[in-house]
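Order of appearance sets the numbers: ligands from 1, and atoms from 1 within every ligand. Both backbone and side-chain heavy atoms feed into the values below; hydrogens, waters and symmetry mates do not. Everything numeric in this text was worked out from a predicted model, so none of it was measured.
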Amino acid sequence: MSRIFFDNASTTPIDEQVVEVMTAAMREQYGNPSSIHAEGRRARAAIEQARKTVAHHLGASIGEIFFTSGGTESSNMVLKGAVRDLGVRRIISSRIEHHCVLHSVEALERHADIHVEWVQLDEKGRVDLAHLAHLLKTGTEKTLVSLMHANNEIGTMIDLTVVGNLCREHGALFHSDTVQTVGYFPFDLAQLPIDFITGSAHKFYGPKGTGFVFINGDCPLPPFMDGGGQERNMRGGTENTYGILGLAKALDLAYTHYYERRAHTESLRNYLRERIEQEFPHTIPYGDPGGGHYKLLNIGFPPSPRTDMLLLNLDIAGVSVSGGSACTSGADAGSHVVDALGGKPGWKAVRFSLSHRNTREEVDVVIEKLRTCLS
Ligand SMILES: Cc1ncc(COP(=O)(O)O)c(C=O)c1O
């Protein structure tokens with residue numbers, strides 16, 4: 001049997017229709033989008049059409065979408081730009097953010113004149129809104145709140161409207177890392193009280209190395225990358241035409257098939273949860289299984305020599321899952337998210353992240369493989 005990929009929060013396989021769009025663009029859209037001749041104008045028109053598609057699906061205006069190399073760059077751009085040029089002197093964030101936010105915040109704390117406050121979370125990773133309100137009330141400096149929409153390891157979510165309204169009430173800027181939710185949940189950015197969100201094509205069946213940042217029209221950031229003035233002067237450098245076209249196609253497919261994809265993925269996630277509860281009653285769920293992202297299930301397995309080797313043995317058995325977020329070294333470094341929420345020592349967190357391409361039969365096989373690996 002072919003391998004089973006239950007690691008769709010780390011990345012997703014590219015959609016065949018996206019490959020077709022990108023391949024055609026590689027052949028035909030070779031003009032430099034900044035050139036004024038016909039080839040250049042064609043590439044420029046294709047990029048602007050892609051921007052229109054992204055803006056349309058997210059309820060933004062086209063002037064608010066900027067293409068980048070992905071979620072990491074987009075969050076770096078917002079956090080560092082807000083401190084450098086929007087007068088932000090305090091950042092409120094959480095200990096379970098993705099490293100692109102956590103490490104940016106920590107770097108700013110070391111090198112810039114800002115201070116950081118960490119909002120309290122409950123054991124499921126849910127933001128303590130009373131604490132957030134208290135923090136917002138007490139500071140006098142210009143503040144940016146950065147809280148992710150859905151956690152990439154445990155799936156716990158925030159309500160963007162509730163958090164955004166709190167920020168508005170206290171004059172704070174609001175950034176949310178929405179990398180795990182763009183393409184998976186509807187957005188109406190014209191109505192949401194939010195200043196910045198980020199997206200990454202490879203999380204929704206698009207190409208790696210391509211993403212975007214939404215910057216609310218009321219909150220312009222100055223150039224992040226100095227150069228030829230591309231992306232309306234926000235990000236110098238010749239545009240990644242095929243990546244951008246691939247991103248737009250992938251997002252279009254994600255929202256065109258939103259209901260079917262969601263229903264299928266959610267029912268698989270629920271089925272997997274039921275089967276794990278039946279077969280492995282001594283496990284514990286991490287995160288907010290009732291209210292989290294429908295593609296994610298994070299399960300703690302009790303300590304034993306078998307659990308130590310679980311990820312490796314599942315891999316050998318043909319099943320791809322992960323322990324924490326995918327990290328650059330490729331090593332299983334555990335999970336800073338589970339640790340921050342008081343995970344019990346020795347327990348092994350296994351993140352299963354599902355896709356509309358997975359099947360119930362695959363879930364059944366994964367349960368069998370888990371049984372073999374643990375017995
Ligand atoms: C929540 C979250 N934010 C940011 C990123 C980084 O995105 P990218 O890989 O496009 O830099 C990821 C991907 O791992 C993620 O899951």
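Applying the side-chain hydrogen bond (donor to acceptor under 3.5 Å, both in side chains) definition to pairs two or more places apart or across chains, those involving residues 83-93 are R90-E117, R90-T143.
For the residues H149, H99, H98, the heavy atom positioned nearest atom 15 (C) of ligand 1 is part of H98. For atom 9 (O) of ligand 1, the nearest non-hydrogen atom from the set E153, Q180, H202 comes from H202.
Y30 shares a hydrophobic cluster with no other residue; no ILVMFWY side chain has heavy atoms under 4.5 Å from its own.
Neither the backbone nor the side chain of K208 has a heavy atom within less than 4.0 Å of ligand 1. With a 4.0 Å cut-off on non-hydrogen atoms, D177 touches ligand 1 through its side chain and not its backbone. For K203, every heavy-atom contact with ligand 1 shorter than 4.0 Å involves the side chain, none the backbone.
Residue contact check: M148 has heavy atoms under 4.0 Å from atoms 1 (C) of ligand 1. Counting the atoms of ligand 1 from 1 in the order shown, those under 4.0 Å from a heavy atom of N152 are 1 (C), 16 (O). In the vicinity of G70, heavy-atom distances shorter than 4.0 Å reach the ligand 1 atoms 10 (O). Within the listing of ligand 1, atoms 4 (C) sit less than 4.0 angstrom from a heavy atom of C100.
For S304 and T307, the side-chain atoms include at least one donor-acceptor pair closer than 3.5 Å. Counted by atom type alone, D7 and S10 present one or more donor-acceptor pairs between their side chains at under 3.5 Å. Checking D252 against T53 by side-chain atom types alone, no donor-acceptor pair falls below 3.5 Å.
For ligand 1, one of its N or O atoms has an N or O atom of S200 under 3.5 Å away. At under 3.5 Å, a nitrogen or oxygen of G71, whether backbone or side chain, sits near a nitrogen or oxygen of ligand 1. Here's the thing with S10: none of its N/O atoms is less than 3.5 angstrom from an N/O atom of ligand 1.
For H282 and F301, the ring centers sit 6.0 Å or farther from each other.
Considering OH of Y242 and CD1 of I244, their distance stands at 11.0 Å, rounded to 0.5 Å.
Between D364 and R275, at least one side-chain nitrogen of the basic residue sits less than 4.0 Å from a carboxylate oxygen of the acidic one, meeting the salt-bridge criterion.
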